[in-house]
Amino acid sequence: MNIYNGEILIIEYFVLHKLDDDAELFRVVMHIDFDYFFAQVEERENPAIKDKPVVVCVYSGRGEDSGAVSTANYIARKYGVKSGIPISSAKKKLRDVESVFLQVNHTLYDAVSKKIMNIIRGYADRFEQIGVDEAFLEVTEQVDGSFERARELAAKIKKEILDKEEITFSIGIGPNKLIAKIAAGRQKPNGLTAVRPEEIEQFLSPLPVRKLVGVGVKTEKALHRLGIKTIGELAKQNLDKLTSVFGMTFGAYLHTAASGIDKSPVQQRGRAESISRITTLKENTRDIAEMMKQIEKLAENVHSKSMQQGLSFKSVSVVAVMEDLKMRSRSKTFQNPTKNLETIKNTARILLQQLLRDETEKSVRRVGIKIFNLVHDKEQRQLNDFG
DNA sequence: GTATGCTTTCGGC
DNA sequence: TTACGGCCGAAAGCATAC
């Protein structure tokens with residue numbers, strides 16, 4: 001959802017008024033969130049590890065325990081192990097416990113995810129997959145607008161996936177995506193939470209403003225300065241005050257979102273918006289030739305993926321993670337889409353030179369590359385036909 | 001001042 | 001030596017146009 005898009009706001013405004021006239025018109029949306037997915041799949045593959053902490057890791061290849069935690073099961077989480085922390089500190093937290101550390105196996109997780117998604121999709125009027133372990137289902141027609149039937153459907157889906165794939169997940173049900181997503185997060189793992197339209201206010205009002213899509217650290221701080229901490233407090237603000245602080249578009253968005261209003265449709269996602277690869281260097285360096293060796297490999301990787309999917313790209317970006325783990329990036333956008341591998345490599349070299357010219361002190365730990373502003377072959381031909 | 005769109009950084013998983 | 005992945009989309013930052 002692009003909340004800055006005026007067109008969407010106008011549509012929302014229209015639908016709102018339509019709703020006033022026709023009150024029984026509301027949706028039933030389900031959000032499904034697989035529980036600690038990677039670690040859960042590993043437990044399924046080897047049930048013997050189920051009663052121990054399971055930590056799925058990405059090893060960087062630098063030293064024995066260099067790398068970060070991708071996911072951990074709930075037993076490991078009790079010891080403070082969670083996604084993103086260094087493997088070494090996870091081991092420290094678990095030093096007194098018999099635990100299982102595994103390397104990520106994306107091929108396996110992708111295959112399991114695909115099977116499950118294909119089953120779930122069958123129960124939705126419309127289906128929107130978010131990454132490998134989340135999905136929104138529009139089920140209004142499936143359940144004829146009944147939240148009771150939506151609950152039954154959710155239980156049925158849970159049972160079927162447990163029987164067929166031995167995977168559990170948490171489900172949230174609400175009148176829109178915003179509510180369904182927050183609801184899914186309330187009871188985890190293996191939860192089922194439904195919020196009916198008449199329950200929206202009591203459900204949302206005690207929650208921190210940060211839970212709203214569109215509210216990041218900066219907006220949260222700004223709201224705190226105004227004495228607004230909860231969604232309920234935000235909903236009580238008058239529209240003029242919010243728009244005077246946050247601007248017309250964003251202020252109006254905050255106002256409606258805090259009231260639990262979200263008209264963004266459940267929509268089949270198209271192609272990914274970007275394709276990227278990143279890798280950790282064997283040693284920190286400022287030697288461009290050394291980094292380019294890696295970047296060329298990444299470029300070939302990204303390029304072949306884009307070719308498989310029939311995509312051209314208009315933009316290339318290079319990212320460097322410096323020795324202090326701060327991230328720096330530079331990008332370039334072309335006039336016309338291309339699918340040329342050499343364009344990626346040449347552009348990457350120039351961008352990397354630029355980046356190092358601006359960042360003169362630190363050496364580089366990781367390098368990565370990204371193509372974006374992707375154009376599907378068919379769309380491109382159409383554009384050309386009409387252009 | 002406000003809306004828009006592009007670039008860079010952040011943050012969730 | 002305190003010390004960490006890889007991917008994605010969202011959020012923040014910034015430039016430009018009106």
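Just so it is clear: chains get the letters A, B, ... in the order the sequence lines come, proteins before strands, and each one is counted from 1.
- Taking the six-membered ring where tryptophan is involved, the planes of A/Tyr109 and A/Phe38 are essentially parallel, since the angle between them stays under 30° and well short of 60°.
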Quick tally for nucleotides 7-13 of chain B: nucleotides whose base has a protein heavy atom under 4.0 Å get B, sugar-phosphate-only ones S, the rest -, giving SSB-S-B
Without placing hydrogens or testing angles, list every side-chain donor-acceptor pair under 3.5 Å for residues 43-52 of chain A, not counting sequence neighbours.
{"unit_1": "A/Glu43", "atom_1": "OE1", "unit_2": "A/Tyr36", "atom_2": "OH", "d": "2.7"}
{"unit_1": "A/Glu43", "atom_1": "OE2", "unit_2": "A/Asn73", "atom_2": "ND2", "d": "2.9"}
{"unit_1": "A/Arg44", "atom_1": "NH1", "unit_2": "A/Glu165", "atom_2": "O", "d": "2.9"}
{"unit_1": "A/Arg44", "atom_1": "NH1", "unit_2": "A/Glu165", "atom_2": "OE1", "d": "2.9"}
{"unit_1": "A/Asn46", "atom_1": "OD1", "unit_2": "A/Ala48", "atom_2": "N", "d": "3.4"}
{"unit_1": "A/Lys52", "atom_1": "NZ", "unit_2": "A/Glu98", "atom_2": "OE2", "d": "3.3"}

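- Put simply, A/Ser88 has no side-chain N or O that comes within less than 4.0 Å of OP1 or OP2 on C/dA3.
- Within 4.0 Å of A/Gly67, counting heavy atoms only, lie sugar-phosphate atoms of the nucleic acid but no base atom.
- Under the side chain to side chain donor-acceptor pair (under 3.5 Å) criterion, A/Tyr123 pairs with A/Glu160, sequence neighbours left out.
- Cluster partners of A/Val319, using a side-chain heavy-atom cutoff of under 4.5 Å among ILVMFWY residues and allowing indirect links, are A/Ile278, A/Val321, A/Leu325, A/Met327.
- A/Val69 comes within 4.0 angstrom of a nucleotide base, judged by non-hydrogen atoms across all strands.
- In this structure, the ring-ring contact (aromatic ring centres under 6.0 Å, His included) partners of A/Phe34, at least two apart in sequence or on a different chain, are A/Phe37, A/Phe169.
- Using a 4.0 Å cut-off, some side-chain N or O of A/Arg365 falls inside it from OP1 or OP2 of C/dG5.
- The side chain of A/Ala68 sits closest to C/dC4 out of C/dC4, C/dA12, C/dG6.
- As judged by a 4.0 angstrom heavy-atom cut-off over every strand, A/Ile85 is placed among residues making no nucleic acid contact.
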Check: protein-nucleotides 13-18 of chain C nitrogen or oxygen pairs below 3.5 Å:
{"unit_1": "C/dG13", "atom_1": "OP2", "unit_2": "A/Lys218", "atom_2": "NZ", "d": "2.8"}

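- OP1 or OP2 of C/dG9 sits under 4.0 Å from a side-chain N or O of A/Ser274.
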